[in-house]
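Right, one structure below, let's go through it.
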Amino acid sequence: MNKAAPQPLYLDNRENNTFRFILNELKPKGKIFTPFNIISIPVIITGLIIMYIRFTQGIGSVTNLSQEVPWGLWIGFDVVTGVAFAGGAYVLVFMVYILNLEKYRPIVRVTVLNGFLAYLFYSAALLLDLGRPLNIINVIIGNNFGVSSVLFLVGWHFLLYMLALLLEFSPAIAEWLNARKAHKFLSGLTLAAVIFGITLSVLHQSGIGALFLMAKDKIHPLWYNSYMPLMFVVSSVFGGISMVILEGSISSKVFEYQLDKDHHKQHDSILHGLSKICAVGMFVYFFMQILVFVHQQNMPYLFSPMGYWFMLELLGFVLLPMLMFFQSYRTHNIGMIKVASVLTLLGIVLNRMNISIIAFQYDAAMRYVPTWQEFIVTFTIIFIEIWVLRWIITRMPVLRKSPDWAKSNH
Amino acid sequence: MKKIDRRFFLKAMGVTAATLAVGTSKTIASDPAQEVGDLPELKGILFDATKCKGCHGCEYDCAWEHGLTEPDVIDEDEHRKTDHTRRTVVNKYNTSKGKVFVKTQCMNCNDPACGTACLTEAMYKTKDGSVIWREDKCMGCRYCMVSCPFEMPKFEYHSTNPKIQKCDMCYHLQQQGEMPACAYNCPNEALYFGTRRELILEANKRIAENPDLYYPHIYGEHEAGGSSWMYISPVPFEELGFNTKIQNKSYPALTKGFISSIAPVDILLPATLLGIYEATKKPKSGTHEKEELS
């Protein structure tokens, strides 16, 4: 696994026979028995069995979903939370391609790849949750367009954004396949893909918040407000960036051999910049929450179990990491940035789960608690995603630098 | 010559526009009946809680009509809910005026949240008033269930090809000119089938003629923007387990602002982004970057 040296030899082979090259690349590289593999393989196998049961005996056979709580962990975590985590892709391409902040270019590719895979696998999770998944074709072929539906908007923007992400990432695939003409063509499309990708992102990130607008009587008033679409966009900015910070810290350790020497210094400077964006984004978000809280006169709800839960989310997982981001920006404390990003991500999980599950039908007699099968399937999806991510990073120029011929096309 | 032509043209345009505007407003103003007549006459059912004796007959008729399992009423005091095996239930409530029976089912709203939520138009408000579910379109996302303020669409969780079960006021019977099964068979005349207009008149008449018997409110006349099913009762509706948090505005109105902001954002944001890109673009950024990288 840790061998970058035989790279030049490869380059010569691939030009002769692309098919054989791809076949060769499909083979696993590196050790099989790593701690990650030992944990993930049994989980994935169990998860696949559960999926089989789900398709042969119905959704109810493996989940605790009920007539009162129709959306559970698979939607609340995999889709609603996952999309916010993948928000880093649109923020970073905005910074690099629109604002021309060259400093962040080294992490753009890996972030876009992460975003694309996240969307790909969350759509898979969505298909698992659909009762009649084959009819999803109705939405695409225009059999019946429910254009007044928020979900229709989210679905289409989701789908088109996946295409945009794929286009943004496609130069890396072309570099891997040594397809020079295609590379030039695909690089030319990047700016268009970026501009439409950002637009699509803003709309589907807010659309996921708008999904819950009609559930006015079901969501606890501390969480429900008519600004949910806006809140979801703003929180996807710092949620996505926090994911970039965390994920970048992990992958720069795991894939250290792919990176050159000056990477660490560069990476610290990038994290430092990102922490400032997070801090400002969280300040805006926190301020908006306070505004809504005062405006809706939510004070009477505050001193109740749901109120304490709300305070934990807002003070412990928004205000605290926000202050940590500000502090670490001033003191150049990289360790604190990482801790703050983890807290922020937990805060995003809390917020999304609260709106979609915990504060949803908060006064119902029967509370929804996910089954172990729902958790296993969620982990299965995440693990498969990491497997695919690892497969791509070890083969394509994602973290390492592009081949020399590709640079002129940027 | 030319100038006069143009002026004449503009004048003519103005006169035409004014005529059109006045003309249209006149037709609306002069004939209010026309305006009402243009609206589709929605059918509905009025439930009179003073007349229901709690025989549960409508539950059996409904199950039979829609091929569902026969209802089992074991405990009279249990407040049952509709689910994927029963589209309607009748429950007993002990109220300030003694026991009152209430039938529960989908309200078939005038502007249904489920219909707006549905991205394949599987949930569909027909011109007759029924909110129907169409099997060939539904993808089973259950967004209708999330959106419905009355929590009425029910999902068959243990089926590999699940259906949504809810009252559609026997749309298939109405198509043949017949009445919904429950309204047709009710032995106590607690269910009254007709157009919404007739039902509201009838309900108001009953309340006016018997002010001591009825609580002066028609549940469903304005709730959630109005619905095809409406209720009159001897006691306030919160005593009968009705959701009184329901707003009078229709629920789809809550997402209208968001939906209508999509198109402007889709058009204006790309233009703005392109503008920012052009503004921040560094001259000869290509060569500069090359030097830095190599």
Side-chain angles (χ1 to χ4, degrees), chain A residues 55-61 63 65-68 70-71 94 97-100 102 126 129-136 138-139 143-153 155 191 194-196 198-199 202-203 206-207 210-218 226 229 360 401 404 407-408 410, chain B residues 81-84 113 115-122 134-143 145-149 151 153-162 243 245-247 251-252 254-259 262 265-266 269-270 273-274 276-277 280-282 285-286 289-290 292-294:
Chain A
F55 279 110
T56 50
Q57 292 173 34
I59 297 171
S61 58
T63 66
L65 295 174
S66 65
Q67 305 295 355
E68 284 80 31
W71 285 356
F94 174 69
Y97 292 104
I98 304 293
L99 297 181
N100 284 305
E102 286 300 325
L126 192 70
D129 200 72
L130 292 182
R132 310 161 73 90
L134 293 179
N135 278 353
I136 199 169
N138 285 343
V139 184
N143 184 354
N144 266 92
F145 277 175
V147 284
S148 58
S149 166
V150 179
L151 194 58
F152 179 80
L153 154 101
L191 184 67
V194 163
I195 286 178
F196 285 105
I198 294 167
T199 310
V202 168
L203 282 168
S206 57
L211 280 182
F212 295 96
L213 283 175
M214 281 199 281
K216 188 186 172 193
D217 308 324
K218 300 181 185 176
S226 48
F360 188 87
K401 289 197 167 162
D404 285 332
K407 275 173 189 160
S408 56
H410 271 303
Chain B
K81 286 184 168 181
T82 59
D83 61 28
H84 59 286
T116 302
C118 186
L119 70 169
T120 58
E121 294 187 324
R134 299 186 283 186
E135 184 166 12
D136 55 326
K137 302 193 187 299
C138 175
M139 61 183 224
C141 70
R142 307 190 293 287
Y143 186 34
M145 301 169 73
V146 171
S147 304
C148 175
E151 295 168 43
K154 307 290 176 176
F155 186 77
E156 294 175 342
Y157 281 107
H158 288 275
S159 162
T160 49
N161 197 23
N243 186 350
K245 280 196 291 183
I246 301 285
Q247 60 175 25
Y251 279 77
L254 293 168
T255 57
K256 247 167 212 151
F258 179 75
I259 294 282
I262 294 165
V265 174
D266 260 341
L269 192 57
L273 290 172
L274 194 64
I276 299 173
Y277 166 77
T280 58
K281 193 164 65 175
K282 292 183 192 85
S285 70
E289 184 194 322
K290 223 174 183 179
E292 220 174 48
L293 282 170
S294 54

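Fair warning: this is a prediction, and the values are worked out from it, not measured in the lab. Side-chain atoms are counted along with the backbone in the values below, which use heavy atoms only and exclude waters and symmetry mates. Lettering of chains follows the sequences in order, A, B, ..., and the numbering in each one begins at 1.
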Looking at chain A, which one of [options] has the largest number of heavy-atom pairs inside 4.5 Å, strictly under?
| options | value |
| --- | --- |
| B:His158, B:His84, B:Lys81, B:Glu156 | B:His158 |
| B:Val146, B:Asn161, B:Leu269 | B:Val146 |
| B:Thr82, B:Asp83, B:Leu274, B:Asn243 | B:Leu274 |
| B:Ala122, B:Cys138, B:Cys118 | B:Cys138 |

At a heavy-atom separation under 4.5 Å, does [X] approach chain A through its side chain, its backbone, both, or neither?
| X | result |
| --- | --- |
| B:Cys141 | both |
| B:Ser159 | backbone |
| B:Lys256 | neither |
| B:Phe258 | side chain |
| B:Ile259 | side chain |

Contacting moiety of A:Leu153, where chain B heavy atoms sit under 4.5 Å: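 The side chain, not the backbone.
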Proximal component of A:Thr199, with respect to chain B [non-hydrogen, under 4.5 Å]: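 Both parts, heavy atoms under 4.5 Å.
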Could you have a look at [options] and say which one has the most heavy-atom pairs with chain B under 4.5 angstrom?
| options | value |
| --- | --- |
| A:Pro133, A:Ser148, A:Pro70 | A:Pro70 |
| A:Leu213, A:Leu203, A:Ile59 | A:Leu203 |
| A:Ser66, A:Gly155, A:Pro229 | A:Ser66 |
| A:Gly131, A:Ser206, A:Ala215 | A:Gly131 |
| A:Thr63, A:Thr56, A:Ile198, A:Ile195 | A:Ile195 |

Exercise: do A:Lys216 and B:Gln247 side chains pair donor with acceptor under 3.5 Å: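 A pair is found: one side chain offers a donor N or O, the other an acceptor, under 3.5 Å apart.
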Rounded at 0.5 Å granularity, tell me how far [atom1] in [X] sits from [atom2] in [Y].
| X | Y | atom1 | atom2 | answer |
| --- | --- | --- | --- | --- |
| A:Leu151 | B:Thr255 | CG | OG1 | 11.5 Å |
| A:Asp217 | B:Glu151 | CG | CD | 9.0 Å |
| A:Ser61 | B:Tyr157 | OG | OH | 12.5 Å |
| B:Met145 | A:Gln67 | CE | CD | 4.5 Å |
| B:Asp136 | A:Asn135 | CG | CG | 7.5 Å |
| A:Leu134 | B:Met139 | CG | CE | 11.5 Å |

Under 3.5 Å: donor-acceptor pair, side chain of A:Asn138, backbone of B:Thr120: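 Looks like no, no N/O pair under 3.5 Å.
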Sole residue of A:Phe212, A:Phe152, A:Trp71 in ring-ring contact (aromatic ring centres under 6.0 Å, His included) with B:Tyr143: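 Only match with B:Tyr143 under ring-ring contact (aromatic ring centres under 6.0 Å, His included): A:Trp71.
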Charged N-O contact under 4.0 Å between A:Arg132 and B:Glu135: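 So A:Arg132 pairs with B:Glu135 through a salt bridge.
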A:Phe196 vs B:Leu273 side-chain heavy atoms within contact, under 4.5 Å: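 SC-SC contact between A:Phe196 and B:Leu273 ruled out.
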B:Arg142 vs A:Leu130 side-chain heavy atoms within contact, under 4.5 Å: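 No, too far: nothing below the 4.5 Å cut-off.
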Worked check of side-chain contact (heavy atoms from CB on, under 4.5 Å) between B:Tyr277 and A:Leu99: CA-CA 6 Å; B:Tyr277 166 77; A:Leu99 297 181; over 6 Å; no
Nearest non-hydrogen partners of B:Ala117 and A:Ser149, listed with the distance: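 Smallest interatomic distance, heavy atoms only, reads O-OG, 2.6 Å.
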